[in-house]
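All values derive from a computational prediction rather than experimental measurement.
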Amino acid sequence: MSGLRVLFLGGTGIISSACSWRAVQAGLDLTVANRGQTSIRSIPPEAKQITADVDDPASLAAVAGQDFDVVVDWVAFTPDQVRARTDALRGHVGQYVFISSASAYQTPPARLPITESTPLRNPYWQYSRNKIACEDLLTALYRDEGYPITIVRPSHTYDRTLVPFDGGWTIVERMRRGQPVVVHGDGTSLWTLTHHRDFARGLVPLLGHPRTLGDAFQITSDDVLTWDQIAHALATAAGTSAQIVHVPSDAIAAVHQGWGDGLLGDKAHSAVFDNSKLRQVVPDFVATIPFETGAREIIAWYDEDPARRRVDHSIDEAMNTLVARYTR
């Protein structure tokens, strides 16, 4: 794998940033193409950077005209984007890796754990339906012409900048104020949170691997928590406690559609994953960072700069409304 010419479309996002650093540590010849507008996460000094908007046809043509062993597309969300990328890269790429989403799986799942053979169907969330349509297009390309595609499905992957509740920092701010916070359902549904450095341990060995072509892999932690446990872990890291009020997900959706769409289309249902297929190709893959460690990283990063601790006032007000309604 060492020495492979790899192009990341994107590369400074929550997941891709960790993979950029892991890729150069593995000896890959990495080029990152993005708009250069993100300063929160840096790219490794060993990586080459191309400033380009890959949604612009001229910029994409300039980038895709080079030959790469692997292209990882972190920023494709619609079939039109995927079609444009694969057309431009045809004949110039040995492996096109599409970053999909575990939210594309059957929602709610009929059985657990979730595997790569779990059906893809999400009637609640347009984001997920778009990812499914992208996967359908890529599967057809592989079937019809042998286009060298690999599909990767992350679940809820985070870094120090991401509080894993809708509204971000809002829930931590409420905890520190001594205000109740809303957790959907009865707080006992199971959820898998994956630290971005753990995800990178699974992704990078797939690059250039001949056994991945035409196939799909999910990459998640094996560390499963309830949503109440996630809230309490954040509270402990923040030096406070969590007063939790449980509210049905459909009731949350009735008060705040954006929050509700993400719940009904993803977070309201238990998500436990079987990574056996990944380990057939990456035998030493193991996620080593529990959320309690990640929670301390999150709180430390937000506490470094008060400007980062922004409250989403629409979520804050929705919580006030729901707490008043569901507290006896």
Side-chain angles (χ1 to χ4, degrees), residues 6-17 19-20 31-38 49-107 116 118-157 203 206-207 212-219 257-258 261-262 264-266:
V6 177
L7 172 66
F8 280 6
L9 302 180
T12 55
I14 288 174
I15 308 180
S16 60
S17 57
C19 294
S20 295
T31 299
V32 174
N34 57 39
R35 293 176 295 175
Q37 296 180 346
T38 300
Q49 183 165 18
I50 300 173
T51 302
D53 180 355
V54 295
D55 286 322
D56 173 69
S59 296
L60 176 60
V63 173
Q66 306 175 51
D67 290 332
F68 290 96
D69 298 302
V70 182
V71 173
V72 183
D73 197 341
W74 300 97
V75 289
F77 304 99
T78 68
D80 286 345
Q81 290 174 316
V82 169
R83 188 175 293 108
R85 313 284 168 77
T86 52
D87 285 348
L89 289 164
R90 185 176 278 104
H92 294 284
V93 62
Q95 180 192 27
Y96 173 81
V97 180
F98 172 66
I99 304 300
S100 185
S101 170
S103 69
Y105 286 124
Q106 181 186 58
T107 305
E116 286 83 354
T118 297
L120 304 183
R121 182 178 183 272
N122 190 326
Y124 302 101
W125 204 7
Q126 187 61 47
Y127 167 84
S128 306
R129 292 196 293 274
N130 287 341
K131 288 288 190 178
I132 294 169
C134 292
E135 291 199 28
D136 289 343
L137 188 159
L138 290 168
T139 300
L141 282 174
Y142 177 74
R143 182 183 301 119
D144 295 344
E145 61 181 86
Y147 201 104
I149 64 102
T150 301
I151 294 167
V152 173
R153 300 180 187 129
S155 186
H156 195 157
T157 308
L203 185 279
L206 297 180
L207 306 185
T212 67
L213 298 183
D215 215 339
F217 298 85
Q218 59 194 24
I219 304 174
Q257 182 179 351
D261 285 351
L264 296 175
D266 196 19

**Q** With no hydrogens and no angle check, is any side-chain donor or acceptor of Glu116 less than 3.5 Å from a backbone partner on Gln218?
**A** yes

**Q** Walk me through it: do Phe98 and Ile149 pass the test side-chain contact (heavy atoms from CB on, under 4.5 Å)?
**A** CA-CA 7 Å; Phe98 172 66; Ile149 64 102; over 6 Å; no

**Q** Nearest 0.5 Å, please: how far is CG in Asp73 from CG in Leu89?
**A** 8.0 Å

**Q** On a heavy-atom basis, which atom in Pro79 and which in Leu137 lie closest, and how many Å separate them?
**A** O-CD1, 3.7 Å

**Q** With side chains defined as the heavy atoms from C-beta onward, is the minimum distance between Asn34 and Gln49 less than 4.5 Å?
**A** yes

**Q** Could you check whether any side-chain heavy atom of Cys19 comes within less than 4.5 Å of a side-chain heavy atom of Val72, counting everything from C-beta outward?
**A**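 They are not in contact (no side-chain heavy atoms under 4.5 Å apart), so the answer is no.
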
**Q** Rounded to the nearest 0.5 Å, how far apart are OH of Tyr105 and CD1 of Ile132?
**A** 11.0 Å

**Q** How close do Val6 and Phe68 get, heavy atom to heavy atom, and via which atoms?
**A** C-CD2, 3.9 Å

**Q** May I ask you to decide if Thr150's main-chain N or O and Thr212's side chain share a donor-acceptor pair within less than 3.5 Å?
**A** no

**Q** Evaluate the side-chain proximity of Asp266 to Ser128: yes if any heavy-atom separation is below 4.5 Å, no if none is.
**A** no

**Q** With a 4.5 Å cut-off on side-chain heavy atoms, are Tyr147 and Leu138 touching?
**A**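 No, their side chains stay 4.5 Å or more apart.
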
**Q** Can you find a pair of side-chain heavy atoms, one from Tyr127 and one from Asp261, that are under 4.5 Å apart?
**A**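 Side-chain contact under 4.5 Å: no.
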
**Q** Is atom CZ of Arg90 surrounded by more than 12 heavy atoms (other residues, nucleotides or ligands) closer than 6.0 Å?
**A**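 Counting neighbours around CZ of Arg90, more than 12 heavy atoms of other residues, nucleotides or ligands fall under 6.0 Å, so yes.
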
**Q** Supply the atom-to-atom distance Asp67 CG to Leu7 CG, rounded to the nearest 0.5 angstrom.
**A** 11.5 Å

**Q** Please report the shortest heavy-atom distance between Trp74 and Ile15, naming the atom on each side.
**A**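 Looks like CZ3-CG2, 3.7 Å.
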
**Q** What's the separation between atom NZ in Lys131 and atom OG in Ser101, rounded to the nearest 0.5 Å?
**A**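 Here the interatomic distance stands at 7.0 Å.
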
**Q** For Gln126, does the CD atom sit with more than 12 other heavy atoms under 6.0 Å from it, leaving out its own atoms?
**A**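 It does: Gln126 CD has more than 12 such atoms within range.
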
**Q** What pair of heavy atoms forms the shortest contact from Pro154 to Ser100, and how long is it?
**A**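 Minimum heavy-atom contact is CD-O, 3.3 Å.
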
**Q** Do Arg85 and Val75 touch side chain to side chain, with heavy atoms closer than 4.5 Å?
**A**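 When only atoms from C-beta onward are counted, Val75 and Arg85 do touch, with a gap below 4.5 Å.
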
**Q** Go through the steps for Leu206 and Val97 under the test side-chain contact (heavy atoms from CB on, under 4.5 Å), then give the verdict.
**A** CA-CA 9 Å; Leu206 297 180; Val97 180; over 6 Å; no

**Q** Can you tell me if OH on Tyr142 sees more than 12 non-hydrogen neighbours from other groups inside 6.0 Å?
**A**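 Atom OH in Tyr142 is not crowded, with 12 or fewer foreign heavy atoms closer than 6.0 Å.
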
**Q** For Gly11 versus Ser20, what's the shortest heavy-atom pair and its separation?
**A**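 Scanning both residues completely, I find the closest heavy atoms to be O-OG, 3.1 Å.
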
**Q** Using modelled atom types and a 3.5 Å cut-off, is there a donor and acceptor pairing between side-chain atoms of Thr12 and backbone atoms of Gly10?
**A** no

**Q** Any donor and acceptor pair, going by atom type alone, linking the side chain of Asn122 with main-chain N or O of Gly265 inside 3.5 Å?
**A**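 The answer is yes, because a donor-acceptor pair under 3.5 Å joins these two groups.
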
**Q** Is there a side-chain contact between Leu120 and Arg129 in this structure, where contact means two heavy atoms from C-beta onward sitting under 4.5 Å apart?
**A** no

**Q** Can you measure from CD1 (Ile99) to SG (Cys134) and round to the nearest 0.5 angstrom?
**A**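 Ile99 CD1 to Cys134 SG: 12.0 Å, rounded to 0.5 Å.
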
**Q** Taking all non-hydrogen atoms of both residues into account, name the closest pair between Gly94 and Leu213 and its distance.
**A**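 For Gly94 versus Leu213, the nearest heavy atoms are O-CD2, 4.2 Å.
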
**Q** Output the distance between atom OG1 (Thr157) and atom CD1 (Ile14), rounded to the nearest 0.5 Å.
**A**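 Answer for the OG1-CD1 pair, Thr157 versus Ile14, is 9.0 Å.
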
**Q** With heavy-atom distances below 4.5 Å as the criterion, would you say the side chains of Arg153 and Thr118 are in contact?
**A** no

